[in-house]
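The structure under discussion appears below in the form of structure tokens.
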Amino acid sequence: MTDDSPRPPRRHRHRPIYAAAAVLLAAGAAIAVPRLADAATTLQSLAAAKGKTVGFALTSSYLSEPAYKNIADTEFNLVVAENAMKWDATEPSRNSFDYTAGDAVASYAASGGKQLYGHALVWHQQYPAWVDGITGGADLLAAMRNHISNVAGHYAGQVVAWDVVNEAFEDNGARRQSIFQQRIGDSYIEEAFKAARAADPAAKLCINDYSTDGINPKSTAIYNLVRDFKARGVPIDCVGFQAHLILGQVPSDLQANLQRFADLGVDVRITELDVRMTTPADASELATQRSDYQKVFTACANVTRCTGVTVWGITDRYSWVPDVFQGYGAALMWDENYARKPAYDGAAAGLGGTVTTPTPGPTTPGPAGGCAVTYAVNQWNAGFTANVTVRNTGSSPISGWSLRWDYAAGQTVTQSWSSSVTQSGATVTATNAAWNGSIPVGGSTSFGFNGTHTGSNPAPVAFALNGAACVNG
Ligand code: G3I
């Protein structure tokens, strides 16, 4: 199993997720969600100003999507492989190593000057089947040491930190009865950390788990382990808190929990943040999610030894959540069409970004009733990615469309997807692709493009679909 096995976009399954929110917004029911004042500010620039990193879990095959790559390139200064450095990917048969997928992640990080975080050397999931065939404790210990020695050795000098052992505890604080626990016994965790230190003396060595974000029996078990390791001189440098959270349930003692670990003399990090909600998402849920993201980023910002926050993916299009929690999703900061969600503003605010309540959007240029257009931009220095959603708010199906707008500040479209875009002077015309020309009544379609800008990058004030003015929003 490798990281580069593409999963098809689940757009068919999730397309309705934001429909309800969009309808609410169009109906004027939107809550005033503050936007980041300086749109050119990125999460990584805000984090860097605080000496921290903002990371994301990367699946390299998604980089072929320009919108994914642009967000990855611009917003983050740390990368972790979502799957590519796990045991099943790196050692598919015993003592035979495959670094193809992991190296792709590492070289993406290096080429963008981003930190590389290693995940995960020992975990009770996603290890290869041959491990199950090892019955003797001494043999499994040898296999575990060999795995760590090779993989951590291969990435030595590249990773800043490793999740050495992942998810070793149950919610009640007992050791999880994984194959490693059962065959090797309690000592397997410290043996793993010792092997990792020997293989890569420079990497920070972390223990990582979920449902440990607040103070509870599970986090206290890890706290006790760290205190014990420190007392006995077993190498350990950091603790990861996955933060796979449920909407509205950020533990109120998250910051206090991070701080108590920091006070033991280890770094802490939010390692796999996402905030899932029941889908389809509505405007109220998205506003709560914004607040949840802000709480998590604030907690890390307030703890000196918190190195940063990593989110477990960029776009809801590819999140693991709907695969595992039926009826839940919409957990990340960009939606399925790469439009930035309020959660992004929450993250930015948590990192100290200035947020302001927005001035009202552009005035509606034409009568409501035919089409509505949402224009969302993610921008950096002189470039930007735009995602445009066109909704059929009229009473007849649309069969073939052409959307026109003018740019007021010299913006130039360079590359588009899901439509064909041409530009003549300031006027841009986007025409449907072969597969998305039909928009049923009440339906929508989205397309995107990259562009360049100089200085400001104001959104177009008016759109016309097949010559008729649309509503903005
Ligand atoms: O690569 C195969 C492909 O060949 C096959 O056709 C397909 C069929 O389902 O599966 C593909 O593998 C999938 C793999 O992701 C790569 O996409 C696995 O089925 C799927 O189970 C696996 O899920 C990963 C999951 O860990 C495994 O438990 C998720 O992508 C990944 O986001 C998730 O990440 C974990 C962290 O490592 C640890 N903390 C929890 C977090 C969420 O579960």
Side-chain angles (χ1 to χ4, degrees), residues 1-10 13-14 55-65 68 72 76 78-93 98-102 104-105 116-129 131-132 147 151 155 159 161-171 176 178-180 192 206-213 218-219 222 238-246 269-276 296 309-326 328-334 336:
M1 185 191 306
T2 76
D3 196 41
D4 287 314
S5 311
R7 277 181 285 166
R10 291 182 302 261
R13 210 169 94 197
H14 297 293
F56 75 105
L58 169 65
T59 294
S60 300
S61 54
Y62 306 151
L63 289 168
S64 62
E65 292 184 30
Y68 184 100
F76 302 99
L78 180 144
V79 181
V80 59
E82 183 174 6
N83 289 299
M85 293 190 190
K86 291 172 181 173
W87 198 330
D88 60 352
T90 51
E91 194 183 2
S93 52
D98 181 351
Y99 299 115
T100 315
V105 174
L116 177 66
Y117 188 101
H119 173 85
L121 292 169
V122 181
W123 186 28
H124 67 280
Q125 287 184 31
Q126 283 180 292
Y127 62 78
V131 171
D132 275 326
H147 176 72
V151 177
Y155 290 108
V159 300
W162 267 109
D163 288 333
V164 177
V165 174
N166 193 37
E167 301 174 8
F169 288 89
E170 300 283 2
D171 286 354
R176 180 189 296 280
S178 66
I179 186 171
F180 309 104
C206 315
I207 188 163
N208 189 49
D209 218 320
Y210 64 89
S211 298
T212 51
D213 316 302
K218 190 177 190 180
S219 62
I222 297 178
C238 36
V239 179
F241 302 82
Q242 294 184 8
H244 291 297
L245 299 171
I246 299 171
R269 181 173 192 89
I270 304 295
T271 49
E272 304 183 13
L273 176 63
D274 48 30
V275 180
R276 61 184 181 268
V296 173
V309 177
T310 299
V311 288
W312 208 242
I314 289 177
T315 162
D316 294 334
R317 180 182 290 221
Y318 297 125
S319 165
W320 68 289
V321 168
D323 290 341
V324 174
F325 298 103
Q326 207 179 0
Y328 284 82
L332 296 167
M333 289 190 285
W334 281 266
E336 298 226 327

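Since the model is a prediction, treat every value here as computed from it, not as a measurement. Residues: numbered from 1 along the sequence shown. Order of listing sets the numbers, starting from 1, for every ligand and every atom in it.
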Under the ring pair (Phe, Tyr, Trp, His ring centres under 6.0 Å) test, residues paired with Y210 that sit two or more places apart: none

Heavy atom to atom 29 (C) of ligand 1, shortest distance: which of N208, N83, D88 holds it? N83

Could you check which of E272, K86, H124 puts a non-hydrogen atom nearest to atom 33 (C) of ligand 1?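 It is K86 whose heavy atom sits nearest to atom 33 (C) of ligand 1.
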
Would you say the side-chain atoms of Q242 and T271 include a donor-acceptor pair closer than 3.5 Å? no

If we count only N and O atoms by modelled type, under 3.5 Å, do the side chains of Q125 and N166 hold a donor and an acceptor together?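 Side-chain D/A pair, Q125 to N166: absent.
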
List the residues meeting salt bridge (charged side-chain N to carboxylate O under 4.0 Å, His left out) with D209, not counting sequence neighbours, and say none if there are none. K218

For [X], the ligand 1 atoms whose distance to one of its heavy atoms is below 4.0 Å:
{"X": "Q242", "result": "39 (N), 40 (C)"}
{"X": "E167", "result": "38 (C), 39 (N), 40 (C)"}
{"X": "W123", "result": "26 (O), 28 (O), 35 (C), 36 (C), 37 (O), 38 (C)"}

Does the N or O separation between N166 and ligand 1 drop below 3.5 Å for any pair? no

4.0 Å heavy-atom contact, W312 with ligand 1: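 For ligand 1, residue contact (heavy atoms, under 4.0 Å) with W312 is present.
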
Ring center gap for H119 and W312 short of 6.0 angstrom: yes

Are Y62 and W334, when compared by the centres of their aromatic rings, separated by less than 6.0 Å? no

